[in-house]
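In what follows, every heavy atom counts, from backbone to side chain, and hydrogens, waters and symmetry copies are set aside. Not measured: the values here are computed from a predicted model.
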Amino acid sequence: MDVMEEVDRISLEAINEQTKAEKEEKVIPKGKYEGVVFSWNKIEESEKKEGDPFQGVPLYKAGITFYDCPEYGKKKTGWFKFTTSKVLGESGRPKTAYTTAVGLTKVMGLADAPFTEVLEQAKVTRAKYNVGAFTPEGKDETYNFLQGVSEVI
């Protein structure tokens with residue numbers, strides 16, 4: 001075959017394989033890790049999707065850097081949601097976005113302070129975060145969530 005006629009290609013299979021590997025690389029193994037908030041923002045109402053259980057309530061998204069992920073031997077980051085409103089899930093229990101906001105506020109020692117101050121304090125205070133992992137039935141993707149915030153380090 002003439003080199004000029006040869007066409008290099010990337011298959012759909014290769015693209016899907018690479019996409020899956022990138023998603024898996026972002027997953028934080030289930031466990032308790034020391035970490036700090038490195039960034040946060042308030043999610044605007046217009047950014048929430050139809051049917052979002054957090055419609056009409058304050059919702060924050062915070063990036064947290066974890067420093068002791070054993071499988072990686074280095075820091076790893078994840079993004080998590082927090083709300084100051086007690087939103088209940090299908091089970092009737094509060095959603096983790098609320099329970100972790102309560103835990104973060106307690107650990108930072110800032111009861112009755114604006115939640116933005118809690119998030120700012122979490123930028124300069126290491127805490128122990130309990131990270132969970134969930135793979136929805138029938139899906140090939142794992143998602144992280146916070147199960148709690150326990151102590152200041």
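Between the side chain of Gln147 and the backbone N or O of Ala133, no donor-acceptor pair lies under 3.5 Å. Although no hydrogens or angles enter the test, the distance criterion places no donor-acceptor pair under 3.5 Å between the side chain of Ser85 and the main chain of Val87. The main-chain N or O of Pro58 is found under 3.5 Å from a side-chain atom of Thr83 such that the two form a donor-acceptor pair. Distance alone, capped at 3.5 Å, places no donor-acceptor pair between the Glu151 side chain and the Ala127 backbone.
To the nearest 0.5 Å, the span separating NZ on Lys81 from OG1 on Thr100 amounts to 12.0 Å. Taken from OG1 in Thr135 to OH in Tyr143, the straight-line distance is 9.0 Å, to the nearest 0.5 Å. Rounded to the nearest 0.5 angstrom, Lys30 NZ and Asn144 CG are separated by 11.0 Å. Summarising the geometry, atom CG belonging to Leu88 is positioned 9.5 Å from atom NZ belonging to Lys95; distances are rounded to the nearest 0.5 Å. Separating the OG1 atom in Thr96 from the CZ atom in Arg93 is a distance of 11.0 Å, to the nearest 0.5 Å. Between atom NZ of residue Lys128 and atom OH of residue Tyr33 there is a gap of 10.0 Å, rounded to the nearest 0.5 Å.
The minimum heavy-atom distance between Ala113 and Glu117, with the atom names listed, is CB-OE1, 3.9 Å. Shortest non-hydrogen contact noted between Ala62 and Val37 is CB-CG1, 4.3 Å. Minimum interatomic distance between Phe66 and Gly78 (heavy atoms only, all atoms of both residues): CE1-N, 4.3 Å. Across all non-hydrogen atoms, the minimal contact from Met108 to Gln121 is SD-CG, 3.8 Å.
Ring geometry, Tyr60 versus Phe115: the interplanar angle falls from 30° to 60°, so the pair is classed tilted.
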Original post:
Can you list the steps and then say if Tyr67 with Lys76 is a side chain to side chain contact (heavy atoms under 4.5 Å, CB included)?
Top reply: CA-CA 7 Å; Tyr67 293 103; Lys76 192 141 179 75; over 6 Å; no

Original post:
Run the side chain to side chain contact (heavy atoms under 4.5 Å, CB included) check on Lys48 and Leu59 step by step: do they pass?
Top reply: CA-CA 9 Å; Lys48 297 174 187 172; Leu59 186 64; 3.9 Å; yes

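Aromatic ring centres of Phe80 and Phe145 lie farther apart than the 6.0 Å criterion allows. Between Phe38 and Trp79, the ring center distance clears the sub-6.0 Å criterion.
Under the 4.5 Å side-chain heavy-atom criterion for Ile, Leu, Val, Met, Phe, Trp and Tyr, Phe82 and Val152 are members of the same hydrophobic cluster. Taking hydrophobic clusters as Ile, Leu, Val, Met, Phe, Trp and Tyr residues chained together by side-chain heavy-atom distances below 4.5 Å, Leu119 does not share a cluster with Tyr98. With hydrophobic clusters built from ILVMFWY side chains whose heavy atoms lie under 4.5 angstrom apart, Ile43 does not share a cluster with Ile64.
Heavy atoms from other residues, nucleotides or ligands lying under 6.0 Å from CD1 of Ile10 number 12 at most. Surrounding NZ of Lys123 are more than 12 heavy atoms belonging to other residues, nucleotides or ligands, all under 6.0 Å away.
Contact of the Phe134 side chain with the Thr142 side chain is not registered, since no non-hydrogen atoms from C-beta on lie closer than 4.5 Å. Side chains of Leu146 and Val131 form a contact here, defined as non-hydrogen atoms less than 4.5 Å apart.
In the model, Thr77 has no side-chain atom that pairs as donor or acceptor with a side-chain atom of Thr65 under 3.5 Å.
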